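Data first, discussion second: the structure below is written as structure tokens.
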Amino acid sequence: MSIQGDVLSTTIASTDARVVAVEAIPVALPLRRSVGFASGTITIADNVLVRVYSDAGLVGCAEAQPRPYTYGETQGSILRAVRDWFAPRLEGVDPVAHERARAVCAGLSGNRCARAAVEVALADLAGQLVGVSCGRMLGGASDSLPVACMISFGTPEEMAQDAVALHERLGITTFKVKVGRDVALDVASVRAVREAVRDATLYVDANRGWTLAQAREAQPALLELGVQAIEEPLDLADAAGRQQLSEASPIPIGGDESCLSLTDVAREVAGPVSQVSIKIARTAFVESAAILAYCRATATRAIIGSQYEGALGAWASIAFAASDAELATTPIEAANFLDLAGDLVTPPEIVDGRVTVPDQPGLGVLVDPGALSRYRSDG
Ligand code: MUC
Ligand code: MG
């Protein structure tokens with residue numbers, strides 16, 4: 001009885017913690033080589049590490065990746081949003097009561113990646129405080145997940161080699177091939193990947209790089225190559241073109257840049273989109289769960305997408321994908337941390353094309369202080 005009493009009071013003490021500080025640190029993580037896609041090129045991972053400190057001595061961490069061409073956020077704007085807006089408002093907040101934390105952050109619109117990193121860092125902290133992994137806190141449907149990897153621009157031969165290496169070394173069999181350049185080059189790239197890994201599951205992502213005519217031209221060859229979805233083929237401003245394409249398309253159209261929020265998803269699912277990319281880096285856990293529920297209610301396929309996260313971002317995606325039994329059988333884009341030559345936390349290990357979901361509290365990883373001092377870019 002007294003033991004039980006001690007355990008109970010310890011638990012209450014640790015879940016009664018408050019946020020005492022929120023920190024944003026710019027980093028510059030090296031890449032093995034730059035990664036290109038139709039809307040941009042990443043030459044260095046100029047991410048932001050967000051840390052939320054509690055009075056219990058525990059610290060929650062998450063990573064934001066600036067993608068100015070998608071969200072209008074830069075590394076500088078993420079730093080400013082976290083330091084000037086979110087940090088002062090979160091002081092004194094209970095990290096376990098995530099809706100209260102979201103409410104105090106709500107007065108600043110936009111700033112999706114900054115906001116999502118703060119929410120994930122709070123969840124990491126909450127998990128540590130209650131001694132439960134984020135994957136389990138979110139639903140804990142699975143302890144192992146299949147992964148997919150994005151194949152970035154290169155020559156068709158280079159792209160095929162990348163897929164072969166990922167297949168042979170790590171057992172990955174699902175690839176999102178980046179297209180949205182010249183149609184002939186795009187089709188040649190997809191064909192090269194298909195011929196190199198014959199039984200792979202393939203989908204493509206044009207990152208809004210095609211015109212309607214180009215997308216139509218590419219479609220028959222993509223269909224013949226067994227491509228299962230075309231993510232964001234056209235400029236979002238071409239609403240009529242996107243609708244026309246999807247109405248005549250034998251291949252489902254995926255929404256990514258058009259699906260930044262629950263509201264966006266509702267609009268797009270009623271329009272051209274029949275597969276939704278959920279990205280934890282922009283909708284964190286709460287809004288992602290709402291998007292997933294919306295997809296379920298409308299029989300729309302949901303996948304967990306990536307924006308070339310480092311390992312810390314990948315762990316957050318893994319936790320969310322583990323929350324739901326159907327998501328946990330859908331290959332999750334959580335392998336492109338492999339593009340990095342250095343990282344802040346231990347990366348997921350991919351074996352036979354799968355990752356194990358951590359059962360340690362929170363996201364299950366700690367920032368390596370040596371790596372942080374090596375890669376922080378604030379001197
Ligand atoms: C993707 O799915 O489009 C590239 C930039 C970004 O924000 O996301 C990626 C991948
Ligand atoms: Mg995409």
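As the structure is a computational prediction, the values presented were derived from the model and not from experiment. Numbering of ligands and ligand atoms starts at 1, following listing order.
Looking at Ser258 and Arg242, their side chains do bring a donor and an acceptor atom within 3.5 Å of each other. For Thr43 and Ser34, the side-chain atoms include no donor-acceptor pair closer than 3.5 Å. Inspection of the Glu157 and Gln161 side chains reveals no N or O donor paired with an N or O acceptor under 3.5 Å.
No more than 12 heavy atoms of other residues, nucleotides or ligands shown are found within 6.0 angstrom of CG on Asp143.
Taking CD of Gln275 as the reference point, atom CG of Asp256 lies at 10.5 Å (rounded to 0.5 Å).
Clustering ILVMFWY residues whenever any of their side-chain heavy atoms sit less than 4.5 angstrom apart, transitively, puts Leu166 in the very cluster that holds Val35.
Around the Mg ion (ligand 2), protein N, O or S atoms at less than 2.8 Å comprise Asp205 OD2, Glu231 OE2, Asp256 OD2.
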Between ligand 1 and the protein, which N/O pairs fall short of 3.5 Å?
from, atom 1, to, atom 2, distance (Å)
ligand 1, 2 (O), Lys176, NZ, 2.6
ligand 1, 2 (O), Asp205, OD2, 3.0
ligand 1, 2 (O), Glu231, OE2, 3.2
ligand 1, 2 (O), Asp256, OD2, 3.0
ligand 1, 2 (O), Lys279, NZ, 3.2
ligand 1, 3 (O), Lys178, NZ, 3.1
ligand 1, 3 (O), Asp205, OD2, 2.9
ligand 1, 3 (O), Asn207, ND2, 2.7
ligand 1, 3 (O), Asp256, OD2, 3.0
ligand 1, 8 (O), Lys279, NZ, 3.1

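Residues in residues 171-190 take part in these salt bridge (charged side-chain N to carboxylate O under 4.0 Å, His left out) pairs, two or more places apart or across chains: Lys176-Asp205, Lys176-Glu231, Lys176-Glu333, Lys178-Asp205. Pairs passing the salt bridge (charged side-chain N to carboxylate O under 4.0 Å, His left out) check and including a residue from residues 39-64, sequence neighbours excluded, read Glu23-Arg51.
Within the 4.5 Å cutoff, the side chain of Phe86 has heavy atoms near those of the Leu108 side chain.
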